[in-house]
Each structure stands twice: as structure tokens, then as C-alpha cells.
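Here, residue 1 is the first one in the sequence, and each next residue gets the next number.
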Amino acid sequence: MTEIRLARFTDLDTTTLHDIIKLRIDVFVVEQACPYPELDGRDTEPETRHLWAERDGKVLGYLRILAEPDGAARIGRVCTAAHARGDGIASRLLDHALAEIGDRPIRLDAQSYLVGFYQRYGFRVTGAEFVEDGIPHVPMARDAASNGAAAEPR
């Protein structure tokens with residue numbers, strides 16, 4: 001059974017932290033061939049929340065919630081292990097993230113091919129497409145008022 005877990009950086013055990021970072025590097029750096037500074041210093045911020053999907057002690061998916069200076073939340077580093085894609089892990093993580101964030105506005109930068117996925121959760125495109133690390137992205141946001149509303153059926 002896949003479980004969704006939530007922790008602050010200081011509450012992560014070293015094995016889980018290792019597995020989270022390995023997954024992020026496997027997906028973003030190796031699979032997507034985007035060498036970039038994966039450890040950006042934001043993981044350790046006191047307000048950051050780490051959510052991950054775990055089955056049989058293995059991390060299968062991950063996202064983090066950051067606190068923006070204006071009080072909004074930012075969702076980032078959303079990823080799923082290649083062998084676990086199609087199991088609904090990203091959807092479950094996003095459901096939990098939205099519940100954790102509550103009534104705050106939310107922003108994210110979606111890889112362009114995932115715009116439809118985030119739109120199902122009430123996110124809207126807020127700017128022009130841009131390229132980051134060689135991959136097209138689109139800025140998206142979800143208003144605080146939307147956070148209490150149910151997402152469209154998936």
C-alpha cells in the first residue's frame with residue numbers, strides 16, 4: 001500500500017532524505033538531462049514541507065511546498081519514479097499538498113506538457129511559456145478562494 005508522508009526538513013531521517021534527493025536527481029538531472037543545482041537551500045527552510053509517497057520503504061514520488069515572501073505557497077519538485085508512473089501518485093501528492101496549504105494562494109511552474117494536469121486542480125496559466133534548464137515551463141497559480149473547492153473529477 002502506498003502511503004503519503006509529510007515532514008519538515010528537521011524531521012526527515014537520513015535514509016528518507018537520501019531517497020528523496022536520489023529520486024529528484026534521477027528524474028530531473030538524469031532522465032530529463034538537466035544539470036542544475038538540485039540542492040538550492042530551500043529544502044531546509046523552516047516553512048518548507050516535504051511530501052512523499054512511499055511503498056514498502058521505497059520513495060516513489062515527491063513534492064515540496066515552499067513559503068513565498070508574500071504568504072503564498074509554492075509547489076515544486078513534483079516527480080514520480082519512472083516505474084511508478086500511471087499509479088496516480090502525483091495526484092495523491094497534490095491532493096495532500098492542497099489540503100496542507102489550505103486557504104493560501106498557490107503558485108508553481110509547470111512543465112508545459114503538464115498544464116492540463118494542474119488545470120484539473122483549479123490552477124490557471126498566469127504568464128508566457130519560458131524555458132528553464134532546456135525544458136518549456138508555464139507559470140500557474142491557484143487563488144486562495146479555490147482551495148476550499150473540490151477539484152474537477154480526474
Side-chain angles (χ1 to χ4, degrees), residues 1-69 72-102 104-123 125-126 129-142 147 151-152 154:
M1 179 172 151
T2 303
E3 297 182 49
I4 304 298
R5 305 208 184 269
L6 169 75
R8 296 173 194 251
F9 181 80
T10 55
D11 297 326
L12 289 169
D13 64 73
T14 55
T15 300
T16 301
L17 177 60
H18 169 274
D19 293 349
I20 286 169
I21 292 170
K22 183 178 183 331
L23 174 64
R24 289 175 9 184
I25 291 171
D26 285 350
V27 171
F28 298 122
V29 178
V30 177
E31 181 182 332
Q32 296 182 353
C34 295
Y36 72 101
E38 167 55 30
L39 297 177
D40 61 1
R42 300 229 43 203
D43 289 325
T44 62
E45 293 174 358
E47 301 85 13
T48 297
R49 298 295 176 271
H50 302 271
L51 277 89
W52 69 97
E54 184 177 289
R55 184 183 313 135
D56 300 325
K58 304 292 184 202
V59 174
L60 301 176
Y62 172 84
L63 66 75
R64 70 180 181 183
I65 303 168
L66 305 172
E68 295 288 80
R74 174 168 292 280
I75 293 174
R77 300 291 203 270
V78 182
C79 58
T80 303
H83 68 276
R85 292 185 190 141
D87 291 346
I89 290 172
S91 294
R92 289 191 58 211
L93 286 167
L94 197 53
D95 287 337
H96 279 76
L98 295 176
E100 178 68 19
I101 293 166
R104 292 166 44 204
I106 308 168
R107 290 190 288 271
L108 57 84
D109 293 330
Q111 291 188 8
S112 296
Y113 79 97
L114 291 170
V115 166
F117 171 76
Y118 290 110
Q119 285 175 327
R120 292 191 305 247
Y121 287 89
F123 286 88
V125 174
T126 58
E129 184 177 74
F130 62 95
V131 176
E132 182 175 12
D133 299 317
I135 297 175
H137 286 73
V138 176
M140 299 186 80
R142 180 176 155 132
N147 292 344
E152 293 179 27
R154 295 183 289 288

For E68, salt bridge (Lys or Arg N to Asp or Glu O under 4.0 Å) partners two or more places apart: R42, R74, R107
A53 to L93 - nearest heavy-atom pair and separation: N-CD2, 3.8 Å
Set of residues satisfying side-chain hydrogen bond (donor to acceptor under 3.5 Å, both in side chains) with respect to S112, sequence neighbours excluded: E129
D87 side chain near T2 side chain, heavy-atom distance below 4.5 Å: no
With F9 via ring pair (Phe, Tyr, Trp, His ring centres under 6.0 Å) - residues at least two apart: none
Shortest non-hydrogen contact from I75 toward A97: CD1-CB, 4.2 Å
Qualifying residues under side-chain contact (heavy atoms from CB on, under 4.5 Å), relative to T126, sequence neighbours excluded: R124, P139, A141
With sequence neighbours excluded, residues passing ring pair (Phe, Tyr, Trp, His ring centres under 6.0 Å) with H137: F130
Derivation and outcome, side chain to side chain contact (heavy atoms under 4.5 Å, CB included), residues I106 and I65: CA-CA 9 Å; I106 308 168; I65 303 168; over 6 Å; no
side-chain contact (heavy atoms from CB on, under 4.5 Å) partner of L17, the single match among T14, I21, D19: I21
Pairwise side-chain contact, L6 with H96, heavy-atom cut-off 4.5 Å (strictly under): no
Separation between SG of C79 and CG of L60, rounded to the nearest 0.5 Å: 10.5 Å
Nearest non-hydrogen partners of R104 and L66, listed with the distance: NH2-O, 4.2 Å
Sequence-distant partners of E132, side-chain hydrogen bond (donor to acceptor under 3.5 Å, both in side chains), two or more places apart: none
Side chain to side chain donor-acceptor pair (under 3.5 Å) partners of residues 23-32, not counting sequence neighbours, each pair once: K22-D26, R24-E38, R24-D43, R24-Y62, E31-R85, Q32-Q111
By salt bridge (Lys or Arg N to Asp or Glu O under 4.0 Å) - contacts of D133 (at least two apart): none
Gap between atom CG of L51 and atom CZ of R92 - 0.5 Å precision: 11.0 Å
Sequence-distant partners of R5, side-chain contact (heavy atoms from CB on, under 4.5 Å), two or more places apart: E3, W52, E54
By salt bridge (Lys or Arg N to Asp or Glu O under 4.0 Å) - contacts of D40 (at least two apart): R64, R77
Pairing residues for A90 by the side-chain contact (heavy atoms from CB on, under 4.5 Å) criterion, not counting sequence neighbours: T80, F117
Residue pair L94 / L63: nearest heavy atoms and the distance that separates them: N-CD2, 4.0 Å
Over all atoms of both residues, closest heavy-atom pair of I89 and R55: CD1-NH2, 4.4 Å
Listed partners of D13 passing side-chain contact (heavy atoms from CB on, under 4.5 Å), at least two apart: T15, T16
